[in-house]
Amino acid sequence: MFQVVTKLLSRSSFASLSRGISLSFRQYCKKTPIKLQVSDALSGAKVGENVRVQGWVRSVRPQKTNVFLHVNDGSSLQSLQVVAGPKLNDPLLTFGCAVDVIGTLKKSLHQKQPVELEAAQITVVGECNPVDFPFKIKERHSVEYIRQIPHLRCRTNAFSSLLRIRSEATTAIHSYFKNNGFVQIHTPVITSNDCEGAGELFQVEPSGTENVDDGNFFSVPAFLTVSGQLHLEVMSGAFSRVYTFGPTFRAENSQSRRHLAEFFMVEAEISFIQSLEDLTKVMEDMFRSATEHVLAHCVEDVDLFHKHVTPGHRDTVDAMLSKSFPVITYSEAIDILNRSTEKFTFPTDWGCDLMTEHEKYLVKHCDNIPVFVTDYPYDLKPFYARDNQDHPKHTAAAVDLLVPGVGELCGGSLREERLNLLRARLEEAGLGDTYSWYLDLRRFGSVPHGGFGLGFERYLQCILGVDNIKDVIPFPRFSHSCLL
Ligand code: 4AD
């Protein structure tokens, strides 16, 4: 079908086909407007051409003779200025309405916009009553206000910038892994294991019992995944570098600014690694590569955040990228916290978990750049973490990456690859039978390996300086809230 269409429009065959219509190929092209996205129109490459642009009106400015519109279609932060003569002035052309514009692209006399579209025809595709529309022209709405309107917030400049950055950061992360020899694995959303063992699981069951004999669809309890790690570890028995990037679920009863019930996690697993340094190198490289990509490819969108939403944050980002990330052990971190004059709410004794307040302090202590904390108490880490076998301060080869403004961004570890040690830990936890398949991975061709997970929303918070995690995800889910 595609080939036929191409052939019909090809230059050589067009003359004979159009004979009956008495239209030359050149005339045909001139008459049929070229459909352009706003970003392509703004590039200036099609100046002088007859074009068609479709989008939503972001501003309307009636003047004596003409009406000036700004039309945006999500392809860029900038809108395209459309100049409509008096005949095209229509009361339905309001802020927020959807339009289809045909006209000629012209060089603009104004420095701020390289081109404008001189309209020959404007169709209002979807009307929008500006009185009822919750966003008002020329008003700067607070993030708190915008957050309350999840079905319309993509129509604001700030949130559409965020969504473009999110999309570009996703591309950057996939590119990093592709360029570094990783194979992407689609790990399951529904699983029968609790990787982190923290009991923060959402159980999955059919909503009705009609199609299930005993009301138990999977015959075992099934949950939404809290991490794809164990499935990546399965693949690590055949692929030396794998990763996954998908939604992850935690039933944490938290209203905090850095927790969601559904978030996206980037997870990597690498076989044949010997030390945490092999892991921290990948974490740091990925962070740098993704951030440099986003800064280079989303200049205007990132600027909007760094200038208007979180002024001054660009300096923090530049500082993060200018130095290599320091590494401290958990024991050193505890010493730093205990030496500080800061009053912490939570205890800082050896063996206690680091809380957000501690993590933020440690980042500040390290010149406000990301810092790796390694070798946590063994008892704080899940069953899969590799035993450092150091006594009496018994630690595991685990690492967290703490970043400015957020605290923990990544969590990772070397995995216990030694069958006897892993079996003993699982049996101690009463999980020997549940994880017999996991023990098999150590029985057949086991190799030293390790991996990490990065919270994608926290990553966006970190590079943009956004305070609340609900402002960096299209549809936030958290306790007592599942809108739309
Ligand atoms: O530290 P976590 O729990 O590590 C794991 O799940 C490992 N199994 C990953 C691995 O080794 N493959 O989670 C990893 C990251 C955290 O550092 C944090 O950034 C993010 O996931 N995260 C959350 N982000 C938003 N909301 C939540 N409720 C989050 N819980 C964890």
Side-chain angles (χ1 to χ4, degrees), residues 173 177 182 185 187 191 193-202 223-236 241-271 273 276 278-280 282-283 286-287 353-356 359-360 363 370-374 376 380-386 396-416 438 449-463 466 468-473 475-479 481:
I173 286 168
F177 284 121
F182 284 76
I185 304 291
T187 51
T191 173
N193 69 60
D194 175 8
C195 172
E196 294 306 290
E200 294 164 341
L201 299 164
F202 287 106
F223 313 99
L224 295 180
T225 185
V226 294
S227 162
Q229 176 192 324
L230 301 187
H231 299 98
L232 285 186
E233 282 195 69
V234 168
M235 300 306 170
S236 294
R241 294 175 192 192
V242 286
Y243 80 102
T244 190
F245 186 172
T248 311
F249 308 85
R250 305 234 171 143
E252 279 170 292
N253 191 6
S254 170
Q255 296 284 333
S256 91
R257 289 159 189 262
R258 50 173 227 159
H259 288 93
L260 289 167
E262 178 182 28
F263 61 98
F264 277 67
M265 192 169 8
V266 179
E267 294 182 86
E269 202 66 31
I270 308 157
S271 301
I273 58 169
L276 281 179
D278 296 332
L279 212 53
T280 55
V282 177
M283 290 154 98
M286 186 188 72
F287 181 95
D353 214 349
L354 297 181
M355 309 306 275
T356 311
E359 292 170 349
K360 288 188 174 171
V363 171
V371 52
F372 289 109
V373 179
T374 66
Y376 281 77
L380 286 182
K381 291 295 164 187
F383 65 85
Y384 53 71
R386 194 176 199 274
V399 55
D400 280 359
L401 177 62
L402 314 181
V403 297
V406 173
E408 183 193 329
L409 172 67
C410 301
S413 73
L414 299 185
R415 317 306 189 192
E416 187 55 81
Y438 190 66
H449 65 288
F452 67 89
L454 169 143
F456 186 54
E457 284 72 26
R458 291 191 187 179
Y459 168 71
L460 294 172
Q461 283 186 276
C462 167
I463 61 167
V466 174
N468 196 320
I469 197 165
K470 300 173 188 77
D471 298 330
V472 293
I473 186 163
F475 302 103
R477 273 84 182 86
F478 48 98
S479 55
S481 179

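Just follow the structure's listing: the first ligand is 1, and inside any ligand the first atom is 1.
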query = Does the salt bridge (charged side-chain N to carboxylate O under 4.0 Å, His left out) test come out yes or no for Glu196 and Arg250, once each step is laid out?
reply = CA-CA 10 Å; Glu196 294 306 290; Arg250 305 234 171 143; 5.1 Å; no

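Glu233 and Gln229 share a donor-acceptor pair across their side chains, judged by distance under 3.5 Å alone.
Near ligand 1, residues Cys195, Glu196, Ser227, Gln229, Arg250, Glu252, Arg258, His259, Leu260, Phe263, Met265, Glu267, Tyr384, Glu408, Leu409, Cys410, Gly411, Arg415, Gly451, Phe452, Gly453, Gly455, Arg458, Ile469 come within 4.0 angstrom through at least one heavy atom.
One finds the CG atom of Leu279 at 8.5 Å from the CZ atom of Phe372 (value rounded to the nearest 0.5 Å). Remark: Leu401 CG to Glu359 CD distance equals 10.5 Å, nearest 0.5 Å. With rounding to the nearest 0.5 Å, the separation of CD1 in Ile463 from CZ in Phe287 is 7.5 Å. Taken from CG in Leu260 to CZ in Phe478, the straight-line distance is 8.0 Å, to the nearest 0.5 Å.
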